Chemist: 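Below are the structure tokens for one structure; questions will follow.
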Amino acid sequence: MVGAYARPVENHSVPHSTPRTAAFFDLDKTVIAKSSTLTFSKSFYQGGLINRRAVLRTAYAQFVFLAGGADHDQMERMREYLSSLCRGWDVAQVREIVAETLHDLIDPIIYDEAASLIEEHHAAGRDVVIVSTSGAEVVEPIGELLGADRVVATRMVVGDDGRFTGEVEYYAYGPTKAEAVRELAASEGYDLQRCYAYSDSITDVPMLETVGNPCAVNPDRALRREATARGWPVVTFNRPVPLKKRLPTLSMPSRPVITAVAAIGAAAATATLVWYASSRRNTGKNRLTVLPAFAAKRKDLEAGLPLTRHE
């Protein structure tokens, strides 16, 4: 299913004899501090797509999301609600609203640590892929803002009139994310054992265990337990910093987003623990500034080697 939407991305940073690698990032509470879909509720209200009651309901959903209280059943109910809510929306209008408000709403909530990590992976020659339960109309522009190479997201059915029918064509959630990662690896030649994946949610365990270097970011309680049991690194991103305020040497490269799959949904997550910040030498070479427990991992990350157990 993914292969039908994926297009090749040239990778000049890695010799052709070396297997290509990628870093797969969940979006909500992993790269940005809120739910990407719910963040636009006020803008959708101002654009006449939803009423005041829907704004209040999505505000509550955002609260549950941020509090880390959204389990699988709640996420399914949220998906059903958002699917019914967007029925009849003009897709072109949705894209226009997102484009007009993207920098005001999303730029300030991007984790500085995540933006730095994305840059580190690009510098190491890896593709960066955003894999999100939220929809393409929201995720694709965010991916472009981040300099991602590919986007995998939920896809809603669009009628002949250019409006959402309310039906879900492709749901990028749970095991489906893992399938998308494997299909991209097959089509792009990624060596999954040398790839990386980052997520905050227990529902993304299938995606995390698909790669050789999984990492739990701001994990919910269930994912924290699972990560501890499996010896996966557990880290915290907690510094949302607008990209425009980052040092010029840390600004994101302008790289095209190539769509794999798309549309509207939501994801689940929470927060805890601590990890790293990234900076760049004046010589232009990358340097990771990390806590002592991670200082020895710099060479492994640059060489594409698996991270060892986080104590």
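Every value quoted in this text rests on a predicted model; they were computed, and no experiment measured them.
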Chemist: Got a second to check how far D104's CG is from D107's CG, nearest 0.5 Å?
Modeler: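 Atom-to-atom, D104:CG and D107:CG are 8.5 Å apart.
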Chemist: Would you say that I130 contacts I142 through its side chain, given a criterion of any heavy-atom pair below 4.5 Å between the two side chains?
Modeler: no
Chemist: If I compare all heavy atoms of P240 with all of P108, which pair ends up nearest, and what's the gap?
Modeler: CB-O, 3.5 Å
Chemist: For the pair N218 and T30, evaluate side-chain contact (heavy atoms from CB on, under 4.5 Å) and give the outcome as yes or no after the intermediate values.
Modeler: CA-CA 7 Å; N218 299 339; T30 302; over 6 Å; no
Chemist: Side chains of T176 and Y171: does their closest heavy-atom pair fall under 4.5 Å?
Modeler: no
Chemist: Looking only at atom types and distance, does a side-chain atom of S35 sit under 3.5 Å from a main-chain N or O of L38, one as donor and one as acceptor?
Modeler: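 Present.
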Chemist: Where the side chain of R87 meets the backbone of T165, is there a donor-acceptor pair that is under 3.5 Å apart?
Modeler: yes
Chemist: Has the side chain of S187 got a donor or acceptor atom that lies under 3.5 Å from a matching backbone atom of L184?
Modeler: yes
Chemist: Please report the closest heavy-atom contact between S43 and T101, naming both atoms and the distance.
Modeler: OG-CG2, 3.5 Å
Chemist: Give the ring-plane orientation class for F164 versus W89, where under 30° counts as parallel, over 60° as perpendicular and anything between as tilted.
Modeler: tilted
Chemist: Go through it in stages, so that I can follow the logic: the residues are F40 and V138, the test is side-chain contact (heavy atoms from CB on, under 4.5 Å), and I'd like the CA-CA distance, side-chain angles, deciding distance and then a yes or no.
Modeler: CA-CA 9 Å; F40 287 94; V138 169; 3.8 Å; yes
Chemist: Taking the side chain from T133 and the backbone from A172, do they hold a donor-acceptor pair closer than 3.5 Å?
Modeler: yes
Chemist: Counting distance only, does the side-chain N/O of D204 pair as donor-acceptor with the main-chain N or O of S199 below 3.5 Å?
Modeler: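 No, the answer is negative, given that no donor and acceptor are paired below the 3.5 Å cut-off.
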Chemist: Taking it one step at a time, do V152 and Y170 satisfy side-chain contact (heavy atoms from CB on, under 4.5 Å)?
Modeler: CA-CA 10 Å; V152 174; Y170 174 85; 4.3 Å; yes
Chemist: Considering all heavy atoms of both residues, which atom of H122 and which atom of G147 are nearest to each other, and what is their separation?
Modeler: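 Closest approach of H122 to G147: CE1-O, 2.9 Å.
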Chemist: Specify the closest pair of heavy atoms between V157 and V168, including all atoms of both residues, with the distance to one decimal.
Modeler: CG2-C, 4.3 Å
Chemist: Answer whether the closest heavy-atom distance between the side chains of I97 and F44 falls below 4.5 Å.
Modeler: yes
Chemist: May I ask you to say whether R20 pairs ionically with D127, meaning some side-chain N is under 4.0 Å from a carboxylate O?
Modeler: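 Yes.
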Chemist: For a quick test of reading the model, state the closest non-hydrogen atom pair linking A136 to A153 and the distance between them.
Modeler: N-CB, 4.0 Å
Chemist: Going from CZ on F24 to SG on C215, what distance comes out if it is rounded to the nearest 0.5 angstrom?
Modeler: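 Answer for the CZ-SG pair, F24 versus C215, is 15.0 Å.
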Chemist: Does any part of the side chain of H121, heavy atoms only, come nearer than 4.5 Å to the side chain of F25, both counted from C-beta?
Modeler: yes
Chemist: Might you point out which heavy atoms bring G47 and Q93 nearest each other, and give the distance in Å?
Modeler: O-NE2, 2.8 Å
Chemist: Find out whether R239 and Y111 are in side-chain contact, i.e. whether some heavy atom of one side chain is under 4.5 Å from a heavy atom of the other.
Modeler: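 Not in contact.
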Chemist: State the CG-CD1 distance between D220 and I202, to the nearest 0.5 angstrom.
Modeler: 6.0 Å
Chemist: What distance do E140 atom CD and S132 atom OG have between them, rounded to the nearest 0.5 Å?
Modeler: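 One finds 11.0 Å between CD of E140 and OG of S132.
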Chemist: Got a salt bridge between R150 and E188, using NZ or NE/NH1/NH2 to carboxylate O under 4.0 Å?
Modeler: yes
Chemist: If you round to the nearest 0.5 Å, how far is CD1 of I110 from CZ of F237?
Modeler: 13.0 Å
Chemist: Stepwise, does the side-chain contact (heavy atoms from CB on, under 4.5 Å) test hold for V128 with L146?
Modeler: CA-CA 9 Å; V128 170; L146 293 166; over 6 Å; no
Chemist: Verify whether one side chain among S36 and S134 offers a donor that lies under 3.5 Å from an acceptor in the other.
Modeler: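 Per modelled atom types, S36 and S134 side chains form a pair under 3.5 Å.
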Chemist: Heavy atoms, side chains only, cut-off 4.5 Å: are V211 and Y190 in contact?
Modeler: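 Not touching, per the 4.5 Å side-chain cut-off.
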Chemist: Keeping E113 on the side-chain end and N238 on the backbone end, is there a donor-acceptor pair under 3.5 Å?
Modeler: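 Answer holds: yes.
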Chemist: Side chain of D149, backbone of V129: donor and acceptor closer than 3.5 Å?
Modeler: no
Chemist: Closer than 4.0 angstrom, basic N to acidic O: yes or no for E209 and R230?
Modeler: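 A salt bridge is present here (some side-chain N lies under 4.0 Å from a carboxylate O).
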Chemist: Hey, is the main chain of G88 close enough, under 3.5 Å, to the side chain of R163 for a donor-acceptor pair?
Modeler: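 Yes; at least one donor-acceptor contact below 3.5 Å.
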Chemist: Assess whether salt bridge (Lys or Arg N to Asp or Glu O under 4.0 Å) is satisfied between K177 and D26, documenting all intermediate values.
Modeler: CA-CA 9 Å; K177 284 188 175 183; D26 175 46; 3.0 Å; yes
Chemist: Would the distance check show the side chain of R194 and the main-chain N or O of P19 forming a donor-acceptor pair, the cut-off being under 3.5 Å?
Modeler: yes
Chemist: Any non-hydrogen side-chain atom of L208 less than 4.5 Å from a side-chain atom of L223?
Modeler: yes
Chemist: For the CG atom of D90 and the CD atom of E96, what is their distance to the nearest 0.5 Å?
Modeler: 9.0 Å
